[in-house]
Amino acid sequence: MSVRVRIAPSPTGSPHLGTAYIALFNLAFARRHGGRLVFRVEDTDQARSRPEHEQSLIHALRWLELNWDEGPDVGGPHGPYRQSERLPLYQQHARRLVEAGRAYYCFCTPQRLDALRTEQRRLKLSLGYDRHCRDLPLDQAERRRQQGEPHVVRLRMPLEGKAVLQDTLRGAIEFEYGLLDDQVLLKSDGFPTYHLAVVVDDHLMGITHVIRGEEWINSSPKHLLLYERFGWTPPIHTHLPLLLNPDGSKMSKRRNPTSIDYYRRAGYLGVALRNYLGLMSYPPPGEDEKFGLEKWVEAFDLGKVSLGGSVFDLDKLLWLNGRYLREDFTAEAVLGELKNWLFNDEHLGQLVPLMQERMETLGDFLPKCAFFFARKVECSTEDLVPRKRESQEVAQVLQTVLWALEGAVPWSRDAVEGNLRKVGEFWDWPIREVTGPLFAAVMGQRVGPPLFESIALLGLDLTRARILDAMNVLGGISKKKAAELEEKWKAGKQK
Ligand code: GLU
């Protein structure tokens with residue numbers, strides 16, 4: 001049986017470094033064993049999935065030269081490769097389970113489930129579905145369904161017994177069925193949940209090995225049960241350790257840039273980043289930590305993955321990137337990289353309209369917009385804090401700016417402006433007291449080209465990194481404070 005592996009990202013945001021790391025290990029495994037890598041888009045979360053996120057994912061992985069054999073953009077014999085285009089398949093499979101008594105229709109309304117949760121919280125019980133519809137006779141349920149009553153399909157979990165996950169790196173992991181909820185498989189809008197879709201697709205696409213992040217370990221017993229209920233053989237599972245911040249916490253965008261787009265926009269080289277990801281929880285193939293994909297794949301052995309954790313260290317990536325630039329690129333090649341990066345007509349053409357009015361001579365262009373080309377900018381407390389305001393206050397305002405910008409979807413100049421205005425309203429600050437610190441954070445200068453346009457062009461990921469740097473200059477804000485603030489921000493009221 002030939003090896004078939006897959007990456008199955010959800011296009012719900014900026015392309016994540018973790019996706020590239022998982023893709024790299026799947027690619028190496030496929031190449032090493034003469035197998036194929038499938039790219040499947042898991043876009044069943046209708047509210048959060050967007051085609052532009054899928055595009056940027058594809059673009060980002062291609063920039064890292066991580067290529068797949070089958071996928072939505074290249075086709076293949078097991079398509080479609082986008083889950084939103086496979087709905088009838090999930091519906092048929094859900095039905096098959098219902099008819100076999102392995103799953104059931106549930107008509108509980110969102111209101112009932114909310115009330116249930118509130119009551120469980122009040123009584124300090126564990127939260128979960130109370131299996132209210134589990135024993136409805138099928139003919140009754142069928143009638144209600146045919147009359148158009150909204151419903152979901154739930155998996156009938158065994159009330160006792162154990163699922164055993166055989167993980168290639170971790171050995172056997174046991175789960176008590178009794179502790180698991182009757183998982184929703186099909187939502188009331190006819191879309192599957194991740195659990196149903198992943199199992200149906202991995203099976204239909206002939207996936208032999210599932211190599212994914214360890215955050216999915218707890219989902220595995222549901223998947224294993226589904227394989228069993230369908231009468232299918234499950235693939236071999238390997239859960240890779242998560243990427244960590246240097247302090248050992250899970251890598252998150254609140255602390256470190258996690259978007260591949262950030263690294264590209266900040267001027268890193270795709271080869272260096274890919275090389276660095278190959279060192280995550282894995283030993284270098286020889287003496288040197290700098291190595292090409294070929295060499296790495298040749299010696300690849302999944303069993304060598306260490307579970308100790310994989311710290312993503314920006315300084316080390318920077319060091320490696322510098323080595324690539326100095327050791328592997330001719331001056332001509334560097335020039336080519338610069339042009340591809342930002343010194344091209346498209347990007348310069350976007351900047352000129354912002355700069356033209358601010359120039360006396362052509363020589364004013366670059367100094368005034370150097371921040372567009374910088375990996376990072378320096379800013380001082382003095383520039384960041386408006387008169388009569390405190391550093392701590394500004395740090396908190398910048399935190400809300402970050403949330404506001406994250407809400408600017410789809411990303412555009414107007415969305416940036418509209419959402420930044422909400423920050424002013426939230427704090428009851430004049431907008432210039434919000435934009436002033438932002439000029440300093442994003443440009444490293446108090447004045448510059450129009451702010452909203454500039455942020456729109458810099459993109460969310462680079463802007464976020466600069467705002468986080470500025471917040472650090474101001475002493476940062478504690479986790480507790482951030483949590484309190486987030487609650488207020490979500491409620492839209494400061495007091
Ligand atoms: N859609 C999941 C994700 O976003 C896939 C998890 C899996 O590989 O099973 O990562």
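For the numbers below, each heavy atom of this structure counts, side chains included, while hydrogens, waters and symmetry mates do not. Each ligand, and each atom within it, is numbered from 1 in the order the structure gives.
- The distance from ligand 1 to the heavy atoms of E42 drops below 4.0 Å at these ligand atoms: 1 (N), 2 (C), 5 (C).
- Annotation: atom 10 (O) of ligand 1 to nearest protein heavy atom, W216 CZ2, 3.4 Å.
- Counting atoms of ligand 1 from 1 in the listed order, those under 4.0 Å from a heavy atom of S10 are 1 (N), 4 (O).
- Summary of contacts: the protein heavy atom closest to atom 8 (O) of ligand 1 is R6 NH1, 2.6 Å.
- Pairs of residues two or more places apart, or lying in two chains, that qualify as side chain to side chain donor-acceptor pair (under 3.5 Å) and include a residue from residues 191-209 are R6-D202, R40-D202, Q83-D201, R86-D201, Y90-D201, Y194-R212, H195-H223, H203-W232.
- Distances below 4.0 Å separate heavy atoms of R212 from the following atoms of ligand 1: 7 (C), 8 (O), 9 (O).
- Side chain to side chain, D247 and S249 meet the donor-acceptor criterion of an N or O pair below 3.5 Å.
- Contact check for L97 versus V153: no side-chain heavy atoms found under the 4.5 Å cut-off.
- Within 6.0 Å of the NE2 atom in H347, the count of heavy atoms belonging to other residues, nucleotides or ligands exceeds 12.
- Close approach of ligand 1 to V198 (heavy-atom distance below 4.0 Å) involves ligand atoms 9 (O).
- With sequence neighbours left out, D261 forms a side-chain hydrogen bond (donor to acceptor under 3.5 Å, both in side chains) with R264.
- Remark: ligand 1 and A8 share an N or O pair separated by less than 3.5 Å (distance only, no angle test).
- Heavy atoms from other residues, nucleotides or ligands lying under 6.0 Å from CD of Q146 number more than 12.
- When each atom of ligand 1 is checked for a heavy atom of Y194 under 4.0 Å away, the hits are 5 (C), 6 (C), 7 (C), 9 (O).
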